Amino acid sequence: MPSPIAVIDFETTGMTPAHGARATEVGIVLVQQGRVVDRFASLMYTGVPIPRFIAEMTGITNAMLREAPPAAQVMREAARFVGDAPMVAHNAAFDSKFWQAELALLGLAASQPYACTVLLSRRIYPDAPSHKLGRLTDHLGLPRPGRAHRALADAEMAAALLAAMQQRLQDSYGLPWPDHAQLMQLQRCTPKTLARMLQPTLAVQSE
DNA sequence: TGCCAGGCCCTCTTTAGGGCCTT
């Protein structure tokens, strides 16, 4: 049985911690061979207000955050929950920065490798009309577990997308169930290189 | 004052530009 992978999603007050944005909610699911085996989710309070358009998009209000536990407490629990598991996020460049920034404020290391479901889906579903998480979920007929733009629902959608891609690699391309290290290798290939690697296998199998 | 990300990826490219993706 492969080691667990932690699929994470943050809701935040903005696009980057480099400009003062902070996390407002974190959702994490632990997956093992495509199955969710554990979940963690919490709002968190940092004192940084949410811009109105983000509150309207997420449904997370400043009043909700004032009643939430402190970010330091939530992030310590999140770090314990993840442990040494390698991580996955939809547009990992975004979530990994908040993961590192929030843990750095606590003096905690954030050395887990991040695989990215956007990079992977661009390679595995090059003809998808969109690689936005919600639209890709609908395109593939995957379940929507809750309101989009809430951390746990988005983490669950990303986990389902990850499992669908692992399954496709296994079934269509004759590969073993890809572990996190193999996903990292696949996302580093250029899309055209990966297409050349995968298509002949698919063609042979479909004959 | 006014503006404010940044990495990926395609193409009418590579001495660049613009769309995508995340909040």
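Source: prediction; values computed, not measured. These numbers come from the heavy atoms of this one structure, side chains and all, not from hydrogens, waters or symmetry mates. Below, chain A is the first sequence line, B the second, and so on; all start at residue 1.
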- Item | Length of the line joining L133(A):CG and dT22(B):C1', which is rounded to integer Å | 10 Å
- Query: How is L119(A) classified with respect to the nucleic acid when contacts are heavy atoms under 4.0 Å: base, sugar-phosphate, or nothing?
  - Reply: sugar-phosphate
- Item | H149(A) vs dT23(B): side-chain N/O to OP1/OP2 distance below 4.0 Å | yes
- Step-by-step side chain to side chain contact (heavy atoms under 4.5 Å, CB included) determination, R135(A) to D138(A): CA-CA 5 Å; R135(A) 290 195 62 191; D138(A) 293 342; 5.7 Å; no
- Item | Sugar-phosphate only, base, or nothing, as touched by D95(A) at under 4.0 Å among non-hydrogen atoms | nothing
- Okay, side chain of T24(A), backbone of E11(A): is any donor-acceptor separation there less than 3.5 Å? yes
- Query: Between atom CG in L136(A) and atom C1' in dC21(B), what is the gap in whole Å?
  - Reply: 12 Å
- Message: Is there a side-chain contact between R123(A) and the phosphate of dC9(B), meaning an N or O under 4.0 Å from OP1 or OP2?
- Response: yes
- Task: Let me see the working for F10(A) and M44(A) under side chain to side chain contact (heavy atoms under 4.5 Å, CB included), right down to the final yes or no.
- Result: CA-CA 11 Å; F10(A) 279 109; M44(A) 65 183 95; 4.3 Å; yes
- Message: Using the P atom as the point on both nucleotides, what is the distance between dT23(B) and dG18(B), in whole Å?
- Response: 26 Å
- Query: N91(A) side chain: which of dT23(B), dC8(B), dG6(B) is closest?
  - Reply: dG6(B)
- Query: Between T16(A) and dG6(B), does any side-chain N or O lie under 4.0 Å from OP1 or OP2?
  - Reply: no
- Task: Find the distance D9(A):CG to dT22(B):P and express it as a whole number of Å.
- Result: 9 Å
- Are H19(A) and dC4(B) close enough that a side-chain N or O sits under 4.0 Å from OP1 or OP2? no
- Item | Nearest-Å distance for atom pair NE2/P, residues H139(A) and dC20(B) | 17 Å
- Item | CA sep, side-chain torsions, deciding dist, call: T117(A), H131(A), side chain to side chain contact (heavy atoms under 4.5 Å, CB included) | CA-CA 9 Å; T117(A) 48; H131(A) 293 88; over 6 Å; no
- Item | side chain to side chain contact (heavy atoms under 4.5 Å, CB included) assessment of I124(A) paired with R168(A) | CA-CA 8 Å; I124(A) 295 169; R168(A) 182 175 170 93; 3.6 Å; yes
- Message: Show, in sequence, the C-alpha distance, side-chain angles and deciding distance for Q170(A) and Q167(A), and conclude whether the side chain to side chain donor-acceptor pair (under 3.5 Å) test is met.
- Response: CA-CA 5 Å; Q170(A) 183 180 57; Q167(A) 191 74 57; 3.3 Å; yes
- Please state how far atom CG in L120(A) lies from atom C1' in dT22(B), giving the value in whole angstrom units. 16 Å
- Task: Quick one: label T190(A) by what it contacts on the DNA or RNA (base, sugar-phosphate, nothing), any heavy atom closer than 4.0 Å.
- Result: nothing
- Relative to the 5' end of DNA chain B, which residue comes earlier, T24(A) or Q187(A), by the nucleotide with the nearest heavy atom? Q187(A)
- Task: Give the rounded distance in Å between these two atoms: CG of D127(A) and C1' of dC10(B).
- Result: 14 Å
- Message: I need the CZ-P distance between F94(A) and dA5(B), as an integer number of Å.
- Response: 13 Å
- Message: Measuring only the P atom in each nucleotide, how far is dC9(B) from dG2(B)? A whole number of Å is fine.
- Response: 37 Å
- 5' precedence on DNA chain B between F10(A) and P191(A) (nearest-nucleotide basis): P191(A)
- Task: Quote, to the nearest angstrom, the P distance that separates dG19(B) from dC12(B).
- Result: 15 Å
- Query: Given atom CZ of R122(A) and atom P of dG7(B), what is their separation to the nearest angstrom?
  - Reply: 14 Å
- Message: For the P atoms, the ones on dC3(B) and on dG7(B), what distance do you get once it is rounded to whole angstrom?
- Response: 23 Å
